[in-house]
Amino acid sequence: MPPSDIDLNADCGESLSAWAMAGDEAVLHVVTSANVACGFHAGDPTVARRTCTVAAEQGVAVGAQVSYDDLKGFGRRFIAVPRAELTDQLVYQIGALQALARASGTGVSYVKPHGALYNAIVHHEEHAGAVVDAVRDVDDALPLLVLPGSEIERQARAAGLRTVREAFADRGYTPQATLVPRTEAGAVLHDADEIAARVVRMAVEGVVEAVDGSLVAVDAQSICVHGDTPGALAIAERVRRALEEAGLRVGSFL
């Protein structure tokens with residue numbers, strides 16, 4: 001089988017007990033990699049196991065989506081936790097999902113930080129180091145999904161870890177190639193056709209339009225569609241169709 005041109009990933013398993021995230025499971029029929037919540041920002045053991053089971057049935061790769069210990073804030077608040085403590089929390093999350101994935105007939109194939117942790121490790125040396133430490137302690141063969149040019153990418157590569165460069169379908173970009181903070185205008189996009197066109201341009205031309213209209217270079221092996229964005233399923237379907245219509249092979253980066 002020829003290698004894929006682009007991976008399509010989504011945050012999944014973010015329902016919690018009686019609170020259900022709309023489309024959380026349905027998106028697994030569209031994407032090729034699933035970032036499964038490990039219980040620290042969202043999800044619970046039952047949701048995680050069910051998500052891993054459906055992913056296995058669909059042939060979708062499972063990744064551990066690790067975060068700060070911030071269930072009330074959905075992992076979107078920075079927490080100034082010491083490096084060693086954060087490492088232990090991340091090891092705990094990866095290990096828990098590994099057990100649930102194994103029980104579901106699959107395994108954890110990569111790691112992706114979530115929310116505030118993802119944004120912090122673009123620049124935060126200590127927390128980027130904690131992520132690297134955790135992956136090395138659990139399994140240094142696990143790839144890390146990273147923002148290109150970030151501190152976590154630099155440290156992970158220096159440690160000999162495999163990194164997979166990621167871009168975001170439904171998020172606004174700054175001229176510095178970072179994500180627009182969710183507290184600012186233009187942070188989240190909602191028009192499926194606009195998002196699909198942006199993604200194709202990312203994959204084919206290697207650029208994305210920033211919020212100020214400038215073009216920013218992106219070098220992405222995987223494109224993320226957020227599972228909690230309103231209309232996430234329709235967006236994911238439109239993005240995949242657009243990529244395939246552009247002649248690209250969509251499949252896991254593994």
Side-chain angles (χ1 to χ4, degrees), residues 9-12 14 21-22 24 35 37-38 40-43 63 65-81 83 86 89-90 93 111-132 144-156 163-192 194-199 201-202 206-220 222-232 235-236 239:
N9 78 75
D11 302 343
C12 302
E14 292 182 323
M21 182 75 74
D24 197 51
N35 319 314
C38 298
F40 271 44
H41 80 277
Q65 186 163 46
V66 297
S67 75
Y68 291 126
D69 188 1
D70 183 29
L71 196 59
K72 289 184 178 180
F74 201 65
R76 289 180 176 160
R77 299 179 294 192
F78 174 79
I79 299 178
V81 58
R83 175 172 175 165
L86 179 57
Q89 291 177 359
L90 301 177
Q93 292 176 70
V111 174
K112 177 183 173 179
H114 164 81
L117 178 60
Y118 188 100
N119 290 326
I121 60 179
V122 172
H123 303 292
H124 198 294
E125 293 183 8
E126 286 297 298
H127 286 190
V131 174
V132 170
L144 260 171
L145 278 178
V146 299
L147 193 71
S150 58
E151 175 66 18
I152 183 62
E153 181 180 43
R154 185 191 68 77
Q155 289 198 34
T163 58
V164 177
R165 293 185 146 200
E166 180 181 33
F168 290 81
D170 50 4
R171 291 295 308 278
Y173 276 79
T174 71
Q176 293 74 40
T178 58
L179 301 180
V180 175
R182 285 181 177 267
T183 55
E184 297 181 9
V188 182
L189 308 177
H190 300 284
D191 185 277
E194 176 190 357
I195 292 169
R198 283 168 63 90
V199 169
R201 194 172 189 185
M202 289 180 193
V207 296
V208 64
E209 185 176 324
V211 289
D212 66 350
S214 63
L215 292 182
V216 174
V218 291
D219 176 19
S222 184
I223 303 287
C224 177
V225 178
H226 282 97
D228 62 313
T229 298
I235 291 171
V239 165

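Counting from 1, the numbers follow the sequence of the chain as shown.
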* Go through the steps for Val146 and Val164 under the test side-chain contact (heavy atoms from CB on, under 4.5 Å), then give the verdict. => CA-CA 6 Å; Val146 299; Val164 177; over 6 Å; no

* Apply side-chain contact (heavy atoms from CB on, under 4.5 Å) to Asn9 and Leu145, showing your working. => CA-CA 10 Å; Asn9 78 75; Leu145 278 178; 4.0 Å; yes

* To do: Please test Cys224 against Asp11 for side-chain contact (heavy atoms from CB on, under 4.5 Å), starting from the C-alpha separation and ending with a verdict.
  => CA-CA 8 Å; Cys224 177; Asp11 302 343; 4.2 Å; yes

* side-chain hydrogen bond (donor to acceptor under 3.5 Å, both in side chains) between His226 and Asp170, worked out -> CA-CA 7 Å; His226 282 97; Asp170 50 4; 3.0 Å; yes

* Derivation and outcome, side-chain hydrogen bond (donor to acceptor under 3.5 Å, both in side chains), residues Glu151 and His127 -> CA-CA 10 Å; Glu151 175 66 18; His127 286 190; over 6 Å; no

* To do: For Arg76 and Tyr68, run side-chain contact (heavy atoms from CB on, under 4.5 Å): C-alpha distance rounded to whole Å, both residues' side-chain angles, the deciding distance at 0.1 Å, then the answer.
  => CA-CA 8 Å; Arg76 289 180 176 160; Tyr68 291 126; over 6 Å; no

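Rounded to the nearest 0.5 angstrom, Leu189 CG and Phe168 CZ are separated by 12.5 Å. Distance check, rounded to the nearest 0.5 Å: CG of Leu147 to NE2 of His123 gives 8.5 Å. How far CZ of Arg77 is from OG of Ser67: 11.0 Å, rounded to the nearest 0.5 Å. Note: Leu86 CG to Leu117 CG = 6.0 Å, rounded to the nearest 0.5 Å. A distance of 5.5 Å separates CE in Met202 from CD1 in Ile223, rounded to the nearest 0.5 Å.
Between His124 and Phe78, the ring planes are tilted. Angles from 30° to 60° get that label.
The closest side-chain heavy-atom distance from Asp70 to His41 is not below 4.5 Å. When side chains are defined from C-beta on, Val207 counts as touching Arg201, because their heavy atoms get closer than 4.5 Å. Val218 is not listed as a side-chain neighbour of Pro148, based on a closest heavy-atom distance of 4.5 Å or more. Proximity of Leu179 to Asn119: side-chain heavy atoms (C-beta onward) are separated by under 4.5 Å at one or more points. A heavy-atom distance below 4.5 Å is found between the side chains of Val131 and Leu90.
Contact record, Val66 with Cys38: CG1-SG, 4.4 Å, taken as the closest heavy-atom pair. Across all non-hydrogen atoms, the minimal contact from Ala185 to Val180 is O-CG1, 3.9 Å. Between Ala210 and Pro175 the shortest heavy-atom distance is CB-N, 3.9 Å. Here the shortest heavy-atom pairing between Val216 and Ala177 reads CG1-CB, 3.3 Å.
Under the rule for a side chain to side chain contact (heavy atoms under 4.5 Å, CB included), the partners of Ala156 that lie at least two apart in sequence or sit in another chain are Val132, Leu144, Leu161, Thr163.
The closest side-chain donor-acceptor pair between Tyr118 and Gln65, if any, does not fall under 3.5 angstrom.
A ring-centre distance under 6.0 Å is not found for Phe40 and Phe74.
Remark: side-chain polar atoms of Arg198 are paired, donor with acceptor, to backbone N or O of Glu209 under 3.5 angstrom. Side-chain N or O atoms of Glu194 include none that pairs as donor or acceptor with a backbone N or O of His190 at under 3.5 Å. Under a 3.5 Å cut-off, the side chain of Arg165 and the backbone N or O of Asp219 do not form any donor-acceptor pair.
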